[in-house]
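Residue numbers start at 1 and run along the sequence shown. Hydrogens, waters and symmetry mates play no part in the numbers below; they use all other heavy atoms, side chains included.
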Amino acid sequence: MYSADSSDEEQRQRRRSRSHQRHKMPTYSGKERWEPFALKFERIMKDNRWSNRKTDYAAVCYCLVGDALEYADELPRTLGFTKLKNKLKERFNDKDVTLVARREQHCEKQEEIETLAEVALRIQTLSGDGFAHADNTTKNQVATEAFLKGCREKMAAQRPMERNPKTVHKALKYIKASVANQRALFGSRAPHNPSRQV
């Protein structure tokens with residue numbers, strides 16, 4: 001006959017094994033970005049209430065394939081979970097993403113069919129990637145300047161630039177107002193594309 005304690009323990013183990021099956025474990029080869037994999041893995045870890053460092057280490061290794069698995073296999077087994085994660089991040093994190101994003105941002109221009117809101121969103125995304133480790137104030141300043149420089153309507157962007165808006169949202173608001181003012185003053189002679197401008 002089983003005791004109540006062993007029966008409870010068996011039920012907990014069954015629940016844990018079922019909870020492992022709730023989430024499909026992500027795989028990581030080293031060719032894709034590290035952050036999305038790490039984020040998903042840590043969420044699964046939290047959902048499954050894994051806290052045993054050996055289990056966590058084994059689970060990360062279970063998710064690795066290709067180059068990432070070969071690299072982890074060369075590391076000492078005594079490394080520990082946190083150090084393993086840091087080593088994988090250091091080895092496979094795409095350091096070129098920030099450099100490429102910063103360079104792309106400098107030459108971004110509003111496309112002919114692109115609205116101001118669309119170009120603003122695109123440039124904010126590039127700023128987030130290009131200046132990932134910068135504080136929000138710096139990211140906003142860089143994105144706002146790139147947005148204003150990249151607008152097709154240079155006259156409409158000049159006034160907001162002189163007002164030195166702190167965010168892309170404020171710059172977008174100022175440009176929309178400036179475009180509306182140009183339309184009111186100059187009518188259809190104003191250099192703009194009314195169907196896609198706002």
CG of Leu88 to CZ of Phe41, rounded to nearest 0.5 Å, is 10.5 Å
Between Ser127 and Ala143, what is the shortest heavy-atom contact and its length?
OG-CB, 3.1 Å
In chain order, what residues pass the side-chain contact (heavy atoms from CB on, under 4.5 Å) check against Lys83, with sequence neighbours excluded?
Leu79
Are there over 12 heavy-atom neighbours, none belonging to Lys154, within less than 6.0 Å of that residue's NZ?
yes
Can you list, pair by pair, the side-chain donor-acceptor contacts under 3.5 Å of residues 159-167, counting residues two or more places apart and other chains?
unit_1, atom_1, unit_2, atom_2, d
Arg159, NH1, Met155, O, 3.4
Glu162, OE2, Gln158, NE2, 3.1
Thr167, OG1, Lys170, N, 3.1

Just verifying a value: how many Å separate Leu172 CG and Gln124 CD, rounded to the nearest 0.5 Å?
9.0 Å
Atom pair CG/OH of Asn181 and Tyr174 - distance to nearest 0.5 Å:
13.5 Å
Go through the structure and list residues passing salt bridge (Lys or Arg N to Asp or Glu O under 4.0 Å) with Asp135, not counting sequence neighbours.
none
Counting N and O atoms only, with roles assigned by atom type, does the side chain of Gln141 sit under 3.5 Å from a partner on the main chain of Thr138, one being a donor and the other an acceptor?
no
If hydrophobic clusters are built from ILVMFWY residues whose side chains come within less than 4.5 Å, do Val65 and Val60 share one?
no
Compare all side-chain heavy atoms of Glu111 with those of Val119 and state whether any distance is below 4.5 angstrom.
no
Are side-chain heavy atoms of Val168 and Ile123 found at a separation under 4.5 Å?
no
With rounding to the nearest 0.5 angstrom, report the CZ to CD1 distance, Phe147 to Ile175.
4.0 Å
Donor-acceptor contact below 3.5 Å, side chain Asn140 vs main chain Asn136:
yes
At their closest point, which heavy atom of Lys109 faces which heavy atom of Glu114, and how far apart are they?
O-OE1, 4.0 Å
Backbone of Gly150 reached by a side-chain donor or acceptor of Gln110 within 3.5 Å
no
Rounding to 0.5 Å, atoms CG (Leu121) and CG (Leu116) come to a distance of 12.5 Å
With side chains defined as the heavy atoms from C-beta onward, is the minimum distance between Ser29 and Leu69 less than 4.5 Å?
no
Run the side-chain contact (heavy atoms from CB on, under 4.5 Å) test against Leu39 and tell me which residues pass, sequence neighbours left out.
Arg43
Residues that Tyr71 engages under ring-ring contact (aromatic ring centres under 6.0 Å, His included), provided they are two or more places apart
Phe92
Taking only residues two or more places apart in sequence or in another chain, which ones pass side chain to side chain donor-acceptor pair (under 3.5 Å) with Thr27?
none
Using the side-chain contact (heavy atoms from CB on, under 4.5 Å) criterion, which residues pair with Glu42? Sequence neighbours excluded.
Lys85
Taken in chain and number order and not counting sequence neighbours, the residues that satisfy side chain to side chain donor-acceptor pair (under 3.5 Å) with Glu145 are Lys149
